[in-house]
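Please read the structure below before turning to the comments.
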There are 2 protein chains.
Amino acid sequence: MGLRETKMERTRQLIAETAFDLFVAQGYDATTIEQIAAAAEVGTRTLYRYYATKEALVVSFVENGLNAAMAAFEAQPDETPLPEALYAVVDSVEQTITANPARLLALYQIFHRTAGLRAGLADLDWSWRQRLAQEVLRRSDGTRDVLFATLTAASTMNVIEVVVQTWTADGGRTEIADITRSVLKLLRANAIPIPTAIRHDHST
Amino acid sequence: MGLRETKMERTRQLIAETAFDLFVAQGYDATTIEQIAAAAEVGTRTLYRYYATKEALVVSFVENGLNAAMAAFEAQPDETPLPEALYAVVDSVEQTITANPARLLALYQIFHRTAGLRAGLADLDWSWRQRLAQEVLRRSDGTRDVLFATLTAASTMNVIEVVVQTWTADGGRTEIADITRSVLKLLRANAIPIPTAIRHDHST
DNA sequence: TGTCACTTGGCAGTCACTGCCAAGTGACAG
DNA sequence: CTGTCACTTGGCAGTGACTGCCAAGTGACA
């Protein structure tokens with residue numbers, strides 16, 4: 001990596017950190033792009049070259065975590081059974097959070113306080129489900145169909161989302177590993193009801 | 001409902017329909033609020049009193065469908081077993097789509113084409129999961145905890161989302177009831193892998 | 001039918017975001 | 001070491017989403 005790229009990477013980081021701090025300090029809406037740019041000592045125009053939208057400044061943090069999780073998934077050998085490979089995903093997210101819980105809580109606060117912001121996660125969530133499903137499909141090696149892959153990806157995302165939501169709702173006091181364990185236990189016990197049509201009893 | 005409210009309701013509808021048509025005709029981004037307001041023959045300021053954001057104009061359609069589904073859920077007698085009550089939710093969504101498939105496909109096209117727009121669904125999705133979980137919790141009458149309710153709500157939303165996604169991805173050619181059946185069947189057969197930690201075998 | 005509360009719409013202003021252009025600065029060859 | 005080139009930077013002007021404010025219009029109701 002040349003000096004040029006190094007510098008740009010640093011600028012990229014600096015902008016995100018600066019923005020994050022300002023958001024925490026004075027709220028998302030109350031912080032203008034100009035302020036962030038000024039604090040990070042770059043032009044607003046430059047800032048936009050690094051982050052396309054104001055939302056992206058916040059979402060990028062989540063994105064990094066998800067990218068790491070996807071990498072962990074892809075790093076699993078092809079022979080690894082699906083449940084274990086999927087566990088790598090959940091585990092990676094857990095590690096990201098454990099590494100810096102305070103940051104995630106703060107991040108969550110920002111999302112929570114700013115109605116229109118949570119929205120920015122959707123795109124990420126969506127593309128991520130796609131990627132996950134695709135990888136699941138590839139791994140199943142023709143023995144499974146798209147519906148299976150889509151459902152598997154969605155279910156896994158669910159686990160992550162429920163765990164994170166439960167953890168943050170609790171203010172991060174509970175060990176995240178414990179929450180994960182509980183969630184997976186419920187699922188494995190088939191304790192979660194599945195929508196079922198009413199069976200019309202003809203013996204009446 | 002007085003004349004006043006009737007009129008407002010009609011205006012509300014008119015604005016949404018007008019916007020929808022324009023979005024379909026020329027795309028979301030290319031359509032300005034002013035255009036919509038002009039076409040619907042109201043002031044832009046008035047338009048904003050009915051729909052807080054441009055996104056809301058599109059999201060409202062999805063919101064209506066979900067509201068109907070939630071109403072169907074709440075309409076179930078408290079004695080109805082959870083799986084059947086949840087089925088009412090899935091069924092309601094199915095009905096909404098069946099009633100006007102073309103509209104949903106068009107709607108989906110708009111969402112699909114406009115990156116930043118899918119985002120608007122997240123908020124909806126989120127608040128809806130909350131509401132669903134809350135109702136599930138109420139129905140379980142103290143016999144279940146929050147985690148159970150959250151997971152149940154998330155799983156049900158998953159079913160809906162996967163069904164709709166599969167249906168739209170296919171261009172609406174497959175009977176939606178068939179997709180629903182397949183999805184529920186996969187779930188009931190426990191065919192979807194659950195993330196599982198590698199069991200370290202100590203006998204080695 | 002007159003009063004009142006609510007709805008409407010225009011206007012000015014803020015802020016996110018974009019295209020364009022000129023100046024600065026690493027990269028790289030000679 | 002140096003000149004050239006490609007890329008990065010930042011200012012500026014412009015568009016469009018969205019808001020506060022205020023004056024005019026219009027159902028509701030006594």
Side-chain angles (χ1 to χ4, degrees), chain A residues 1-16 18-20 22-23 25-60 110-111 113-123, chain B residues 1-16 18-20 22-23 25-60 110-111 113-123:
Chain A
M1 190 188 287
L3 174 60
R4 203 165 211 156
E5 279 166 353
T6 309
K7 225 175 167 179
M8 285 182 73
E9 193 50 43
R10 208 174 316 170
T11 306
R12 187 179 189 77
Q13 298 272 342
L14 178 64
I15 292 174
T18 307
F20 186 80
L22 283 173
F23 289 155
Q26 45 179 312
Y28 179 81
D29 285 334
T31 308
T32 69
I33 291 284
E34 274 186 56
Q35 273 179 45
I36 300 168
E41 295 179 312
V42 294
T44 64
R45 197 64 189 79
T46 302
L47 187 153
Y48 274 112
R49 286 210 184 81
Y50 285 96
Y51 296 94
T53 66
K54 190 179 177 182
E55 270 185 13
L57 282 166
V58 188
V59 174
S60 69
I110 299 174
F111 277 116
R113 271 196 251 281
T114 319
L117 190 53
R118 244 163 298 156
L121 288 175
D123 242 15
Chain B
M1 189 188 290
L3 174 59
R4 203 165 211 157
E5 280 166 353
T6 310
K7 226 175 168 180
M8 285 183 72
E9 193 51 43
R10 208 175 316 171
T11 306
R12 186 179 188 77
Q13 298 272 342
L14 179 64
I15 292 174
T18 307
F20 186 80
L22 283 173
F23 289 155
Q26 44 179 309
Y28 178 81
D29 285 334
T31 307
T32 68
I33 291 284
E34 275 187 54
Q35 272 179 46
I36 301 169
E41 296 178 312
V42 294
T44 63
R45 197 63 190 81
T46 302
L47 189 151
Y48 273 111
R49 287 211 183 80
Y50 284 96
Y51 296 94
T53 67
K54 191 179 177 183
E55 270 185 13
L57 282 165
V58 189
V59 174
S60 69
I110 299 174
F111 277 115
R113 269 196 253 280
T114 319
L117 191 52
R118 243 164 299 153
L121 288 176
D123 241 15

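Please read all numbers here as calculations on a predicted model, not as lab measurements. The sequence lines fix the lettering, A, B, ..., with proteins before strands; numbering per chain opens at 1.
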Please state whether the phosphate of D:dG27, meaning OP1 or OP2, lies under 4.0 angstrom from any side-chain nitrogen or oxygen of B:Lys7. yes
Whole angstrom value for the distance that separates P of D:dG16 from CD1 of B:Ile36: 13 Å
Enter the distance from A:Ile33:CD1 to A:Arg45:CZ here, rounded to the nearest 0.5 Å. 12.0 Å
Where DNA chain D forms stems, i.e. three or more consecutive Watson-Crick or G-U pairs with both distances under 3.5 Å: C:1-30 with D:1-30
The criterion is side chain to side chain contact (heavy atoms under 4.5 Å, CB included); which residues satisfy it with A:Ala39, sequence neighbours excluded? A:Thr18, A:Leu22
Could you give the distance from OG1 (A:Thr6) to CZ (A:Arg4), rounded to the nearest 0.5 Å? 12.0 Å
Heavy-atom closest pair (A:Ile36 atom, A:Ala19 atom, distance to 0.1 Å) is CG2-CB, 3.8 Å
Residues in side-chain hydrogen bond (donor to acceptor under 3.5 Å, both in side chains) with A:Gln26, at least two apart? A:Gln35
B:Met8 CE to C:dT8 C1': how many Å, rounded? 10 Å
Distance check needed: D:dT8 P versus A:Ile15 CD1, whole Å only. 13 Å
Among residues two or more places apart or on two chains, list those pairs meeting ring pair (Phe, Tyr, Trp, His ring centres under 6.0 Å) that have a residue in residues 36-59 of chain B. none
First locate atom CG of A:Leu47, then atom NZ of A:Lys54, and finally report the distance between them rounded to the nearest 0.5 Å. 11.0 Å
Quick tally for nucleotides 17-25 of chain D: nucleotides whose base has a protein heavy atom under 4.0 Å get B, sugar-phosphate-only ones S, the rest -, giving SBBBB----
Partner set under side chain to side chain contact (heavy atoms under 4.5 Å, CB included) for A:Arg113, not counting sequence neighbours: A:Gln109
Counting the atoms with a prime plus P, OP1 and OP2 as sugar-phosphate, which does A:Tyr51 contact under 4.0 Å by heavy atoms, base, sugar-phosphate, or nothing? nothing
Would you mind reading off the distance between A:Leu47 atom CG and D:dT8 atom C1', rounded to a whole angstrom? 14 Å
Spacing of B:Arg10 atom CZ relative to C:dT8 atom P, expressed in whole Å: 13 Å
With rounding to the nearest 0.5 angstrom, report the CZ to OG1 distance, B:Phe23 to B:Thr114. 8.5 Å
Rounded to the nearest Å, what distance is computed from the CG atom of residue A:Leu3 to the C1' atom of nucleotide C:dG26? 7 Å
